[in-house]
Amino acid sequence: MFFRLRSTKAGLVGIALLDVSNAELIARAAKADRTAAPALVPYAAWCGFATLRNADLTRRNRC
């Protein structure tokens, strides 16, 4: 959404939804398989970092 719509705000909304989805996936994985859930944490952390970067970019480019 960030690139396709050329909108930092839309990208921020999209990646925030991805963060929520990642948290839900980790929670479900933890219930099903305790060893699988920790394997998903690095991806969720990377997405969290991308969210912070997108939020900073959105803040800096207010119009």
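On a predicted model such as this, the values are computed, not experimentally measured, just so you know. This chain uses plain numbering: 1 for the first residue, then up along the sequence.
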[atom2] on [Y] to [atom1] on [X], rounded to 0.5 Å:
X   : Y   : atom1 : atom2 : result
L52 : L57 : CG    : CG    : 12.5 Å
M1  : K9  : CE    : NZ    : 13.5 Å
C47 : L18 : SG    : CG    : 4.5 Å

What heavy-atom pair brings G48 and D19 nearest, and what distance separates the two atoms?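 Minimum heavy-atom separation between G48 and D19: N-OD1, 3.8 Å.
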
Between side-chain atoms of residues 33-44 and protein atoms elsewhere (two or more places apart, or another chain), which donor-acceptor pairs fall under 3.5 Å?
| from | atom 1 | to | atom 2 | distance (Å) |
| --- | --- | --- | --- | --- |
| D33 | OD1 | T35 | N | 3.1 |
| D33 | OD1 | T35 | OG1 | 2.8 |

Please tabulate, one pair per line, all N/O donor-acceptor pairs under 3.5 Å involving side-chain atoms of residues 23-30, not counting sequence neighbours.
| from | atom 1 | to | atom 2 | distance (Å) |
| --- | --- | --- | --- | --- |
| E24 | OE2 | R28 | NE | 2.7 |
| E24 | OE2 | R28 | NH2 | 3.4 |

Out of D56, T58, T51, which one pairs with N54 under the side chain to side chain donor-acceptor pair (under 3.5 Å) rule? T58

